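Encoded as C-alpha cells, the structure appears first; notes follow it.
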Amino acid sequence: MRIAEISPDLRQTDTLTETLEEIESSVKEFERIISTVNPSSEEIITNLYSKLQKTFSRLNSSSSPLSKSNKLQIWKLSFRLWNACVDLSNLTTANRSAVPEDHVKIRQISADLLFFAGDVPEIPSSDFKAASFFYKTGLLWHGLKKFDLAAVCFEKATDLTSKIEVSEITDPGERKLLLDLNLARSTSAWDVSERNIALALLNRSKTLLFGCPESYRALANQYLVFGKLYLSNNNTSSVSEALKLMNESLDLCDKGLRCCKRGDDNLELKTLRSKSLRFIAAANLQCEDYESVLKCIRVLREGGGGGELHPCLPVLAMKSWLGLRKHREAEKELRGMVLNKGIPECVWLSSVEAYFQATGMAGADTTKGVFLGLLERCHVSPKAAVRVAQVVVGSGGGEGFRLRAKVVAELVSDERVVALFDEETAASERTSMHSVLWNCGTDHFRLKDYETGAEMFEKSMLYVPRNEENKILRAKCFRVLSICHLALLQFDRAQEYITESEKLQPSIVCAFLKFKIYLQKKEEKGAVAQIQAMASCLDFNPEFYFLAAHEAIACRALPVAVAFLSALLSLYSHGKPMSTPEVVVLRTLLSLLSQDMGDETEVLKFMKHAHIRMKEIGPENFLGKGEVGRREGKWLAENSWNNGMRMGKEKKYKLCAEFLELASEFYGVRIDVDEAEDQAMICKSLILSVSANIEAEKQNGVALKESDLKQAVQLLDRVGKILPGMQFSDDCQSIGSSLHFMHTLNAYNLQARLDNSRSQQLLLVKNFASSKMCTPKHLLRIGLSAAQDGQHSNLEVSDYALNKCLSSLINSPSPDYQTVALVLRKLIEIVGFQKGNADDDVYNVYKQAYRIMVGLKEGEYPTEEGKWLAVTAWNRGNLPVRLGQVVTARRWMTIGLDLAQHVQGMLCKATMEDFLAEFDKKFNGLDSAESADSRTLPML
C-alpha cells in the first residue's frame with residue numbers, strides 16, 4: 001500500500017498517539033529528574049520544558065478529535081506532570097524566594113493540557129479541577145510579577161468555573177476556589193493599576209460568600225489591604241477611597257460575626273474588625289476628621305473591637321485632641337501613656353514629640369514654656385528633670401532626633417532649670433545631667449551631626465562647676481568642641497578651643513589636634529613641626545605618631561606620614577618600650593611607600609633596615625613569636641618577593657636582584673614555619689636574584705665585576721647545598737624539577753665566565769641529566785641555549801643535551817614527535833657545524849630519524865618536519881653526484897627516498913624513485929663517475 005492510500009483519519013490517529021507518547025516520555029523523564037536534583041538540573045529542566053512546549057504545540061494544532069481514552073490519558077499525564085512539579089518545588093525551593101520561571105512554565109503546560117482535553121465524564125468536577133490548576137499557576141506567575149500571564153490563567157479558570165451556576169455549587173472546596181479566584185483576579189488587576197476592575201471584582205465576590213465566616217474574613221481582609229494601600233498614597237482623594245474600602249471591610253466583619261458558630265472564627269473576625277476600626281481612625285486623622293477618630297476610639301475602648309486595646313489608641317486620641325486644640329485632653333492622654341506600661345517607650349517618645357510640635361515647635365520660647373509647664377505639673381526635681389531630659393533626648397537618628405536635642409538644649413539652658421542643680425545636694429544629679437547631655441552630643445557626633453553635637457557639648461558645660469577639681473573635665477570639653485569645629489571645617493574656632501584647653505591642661509592630645517588643624521589647612525611644614533611638639537609633652541605617647549601617620553595618609557599628605565613613621569622608627573632604635581611592635585610600623589611604612597609613593601629605592605632602604613634590625617635583636621624579638629612572628633616574617637618575605645618580581649617585569653634588574661636576595665633572607669627565618677616551603681622560596685629567590693644580575697649585565701652592556709661574579713657563585717653554591725636535601729611530595733615534583741633546572745642553567749651561565757669553563761659546563765649538565773629532576777624539556781632548553789649563546793656557546797654541551805633529550809623522548813610511553821623533530825633538526829645543524837660537516841656523523845642523525853619514523857602511524861610524525869628531512873637528505877647527494885662520488889651520492893639519495901616513503905604528501909617521491917633507478921642503472925657496480933655525466937640530480 002502506498003503512503004497516499006493510507007486513510008487520513010488513520011494517519012491523524014497515529015500522529016495523535018505518537019504525540020501523546022512523546023508527552024508521556026517527557027513526563028517520565030521529568031519524574032526521573034526529580035530523583036536526581038543537582039545544580040545542573042535547571043538546564044535539563046529548561047530543555048525539558050522546550051521539548052514539552054513543542055510537543056504540546058503539535059498536539060494543540062492537531063485537528064484529530066479526542067476519544068474518551070485520549071482525554072483520560074491527557075488528564076492522567078497532566079496530573080503526573082503537576083505532581084512532579086510539586087515534588088520538584090518541595091525539593092528545590094526551600095531556600096528560594098520564588099519558584100523558578102521554568103518550573104512555572106511546566107505547570108502552565110500541565111494546566112493547558114487539562115484545558116485542551118476538556119470535560120471528561122469519568123472525572124467528577126473536572127472543570128473545577130482544571131480551574132484549580134490555572135488558579136495555582138496564576139498565583140505563581142503573580143509571584144514572579146508576570147501579571148499578564150497570571151491574568152490569563154485566572155481568566156481561563158474563571159471561564160471553566162462559570163459553566164456551573166453558583167447556586168448549584170455545594171462543595172466547600174469549590175466555593176472557596178470561586179472566592180479565592182475572584183480575590184486573586186482582583187489582586188492581579190490592582191498590581192497592574194487596573195483599580196476599577198480590581199474593586200469591581202471585589203464587589204462581585206460578595207455573591208460568593210455562601211454564609212461562611214472564613215469567606216467573610218478573607219474578603220474583608222482584602223478590602224482592608226486595598227484600603228491601606230490607598231492610605232499610603234497620602235493624598236486627600238486616596239484617603240477618601242481608603243475609607244470606603246475600610247468601611248466595606250468593617251461591614252463584612254459585622255456580617256460575618258452574625259453567622260459565626262465557632263469561637264475561633266468569632267475571634268479572628270473580631271480581631272480583623274478591631275484592625276479595620278484602627279485604620280479607619282488613622283485615615284480620618286489623615287483627613288483631619290478628628291471627631292470621627294475619637295468615635296472609633298470610643299467604640300474600641302468600649303469593647304466594640306474585641307481583644308486587648310492596641311497601644312496606638314492613646315496616640316491617635318492625643319493627636320485628635322491636639323487637632324481639635326483641646327490640649328488638656330491631649331495632656332491627659334499623654335499622662336495616661338506614661339502610666340500605661342503596655343505602651344512602648346518609642347511610642348511615648350513620638351507622642352511627646354508630636355505634642356511639642358503641635359504646641360509650638362517652630363518657636364523655641366513656646367516649646368520651652370510647654371516643656372517647663374509639663375515639668376512643673378509633674379513636680380519636677382533635679383532627678384526628675386534628668387529623667388525627663390533623658391527620655392526626651394532618646395536615641396536614633398534623623399530630623400526628629402535632632403529636634404528633640406534642640407528642645408532639650410533650650411530646656412537645660414533655661415535659668416530655672418540650671419538653678420535646680422545649684423544646690424550642693426544636687427551634685428550627683430548635676431553629674432547625671434552632664435552625662436545625658438554629653439552622651440547626646442556623642443551620639444550626634446557619631447551620626448556626623450557635628451553642629452548639634454557641638455551645641456550639646458556646650459550645654460553640658462553649664463553643669464560643670466568652674467573649680468580646680470573640674471579643670472580637667474572642662475579641658476576635655478574644650479578639646480571635644482575643638483574636634484567638632486574641626487569636623488565642621490571651622491578651623492579658627494577649633495584653634496580657639498584647643499588653645500583654651502591647653503591653658504587648663506597641656507597635653508599631647510592638644511598637640512595632636514593642632515597637628516590635625518595644620519593638616520586640614522594643608523600646612524605640611526607646620527604638621528611636621530608637631531613631631532617635636534608632641535615629643536616635648538609630659539604625657540607623650542609614641543602611639544600618637546602612628547595615629548598622626550594614619551591621619552596624614554587619609555589626607556593624602558604622604559611626606560608627613562613618612563616623616564612621622566620614620567620618627568617613630570628612630571624611637572625603636574633608641575630602645576624605648578613601645579606598645580606597637582616595630583615590625584608593624586615598618587610594615588605600614590613599606591605599604592605606604594610601595595602603594596602610594598612608588599619609590600622603589602626608599603622601599604629597598606627600609607627593607608634593608610628591617611633586615612638589619614632583625615639581625616640586631618633577633619627574629620623573635622623583631623617579628624614576634626608563634627603565629628604572629630610567622631605572619632610578619634611571611635609578609636616581609638612576600639613583599640620583598642613581590643617587589644622583586646615587579647622590578648623584574650619593569651626591567652629594573654639591579655633592584656630586582658637586591659629585593660630577591662632580601663626575600664631569601666626573610667624566607668630563611670625560623671619561627672614555626674614550614675621549612676620545606678621556605679627552602680623552596682629561598683632557592684627560587686636566590687636563583688632569580690642571580691638571573692636578574694645576569695640580565696642587568698646584558699641590559700647595561702657591562703660585564704659583571706669579579707666581586708659580583710663571586711657573590712653570584714656563592715649564592716648558587718648556597719642553593720646547591722640546599723637542593724639535594726629537599727624532599728618534594730608527588731604534587732610538588734614539578735617545583736623541585738624547576739628549581740634544579742634553574743640552578744643548573746644559572747650555574748652554566750656563570751661557568752662561561754670562568755677558566756676551564758667548557759669542561760665544567762659539560763660536567764654540570766651531565767650531573768643534572770643523571771638526576772631524577774631532569775626532564776626532556778629541560779635538556780632541550782639547555783641544548784638550545786648552549787648552541788645559541790654567541791661567544792659563550794658550547795656545541796659539545798648542546799650535542800650531549802640534545803642527544804640525551806632525544807633518548808628520553810623516544811623512551812617515553814607516548815613521545816612528543818613535534819619536539820623529537822625539533823631536536824633532530826637541531827642535531828643535524830650542530831653535528832655538521834661542530835665536526836666540520838662530517839658526512840658520516842650527519843648521515844647517522846638522518847638514519848636515526850629514519851628508524852624513528854619507521855612504524856609510526858600516518859601523520860604521527862610532523863609532516864613538514866618529515867618533508868624537511870627527506871628533502872635535505874636528498875639534496876645532500878648533489879655535491880657527491882657532481883664530484884662523481886657514486887657511493888656517497890647513492891647513500892644520501894637512498895636515505896632521502898627512504899624518509900620520503902614515510903612522509904604523507906611527498907609529491908616529488910616519483911621523481912626521486914625514477915632518478916635513483918636511472919642512477920643505479922647507469923652506475924651499477926661503479927664507485928665513481930665523471931661529474932659531467934651526473935649533473936642532472938633534481939634539487940628538491
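This one's a predicted model, so the numbers in the text were calculated from it and none came from an experiment. Quick note: numbers below take in every heavy atom, side chains included, and nothing from hydrogens, waters or symmetry partners.
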Would you check if the side chain of [X] reaches a backbone N or O of [Y] as a donor-acceptor pair within less than 3.5 Å?
X      : Y      : result
Ser276 : Leu272 : yes
Glu429 : Val386 : no
Ser501 : Ala475 : yes
Asn470 : Arg466 : no
Ser570 : Ala567 : yes

Item to check | Shortest non-hydrogen separation from Val293 to Leu316 and the atoms involved | outcome: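 Taking every non-hydrogen atom into account, CG1-O, 4.1 Å.
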Next on the checklist: Less than 4.0 angstrom from a charged side-chain N to a carboxylate O is my criterion; do Glu496 and Arg493 meet it?
Outcome noted: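 Looking at Glu496 and Arg493, the cut-off is not met.
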Checklist entry - Thinking salt bridges, do Glu500 and Arg474 make one under a 4.0 Å N-O criterion? => result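 Between Arg474 and Glu500 there is no salt bridge, as every charged N stays at least 4.0 Å from the carboxylate O atoms.
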[Y] and [X], any side-chain heavy atoms less than 4.5 Å apart:
X      : Y      : answer
Val583 : Leu636 : yes
Leu300 : Ser274 : yes
Val239 : Tyr230 : no
Tyr545 : Leu565 : no
Leu568 : Thr580 : no

Is it the case that the side chains of [Y] and [X] hold a donor-acceptor pair, with the cut-off being a distance below 3.5 Å and no angle test?
X      : Y      : answer
Asn439 : Asp443 : no
Gln505 : Arg479 : yes
Ser591 : Arg587 : no

Checklist entry - Do the two ring centres, one from Phe445 and one from Phe457, sit under 6.0 Å apart? => result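 No, the ring centres sit 6.0 Å or more apart.
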Determine whether more than 12 heavy atoms belonging to other residues, nucleotides or ligands lie under 6.0 Å from atom [atom1] of [X].
X      : atom1 : result
Glu468 : CD    : no
Leu538 : CG    : no
Ile472 : CD1   : no

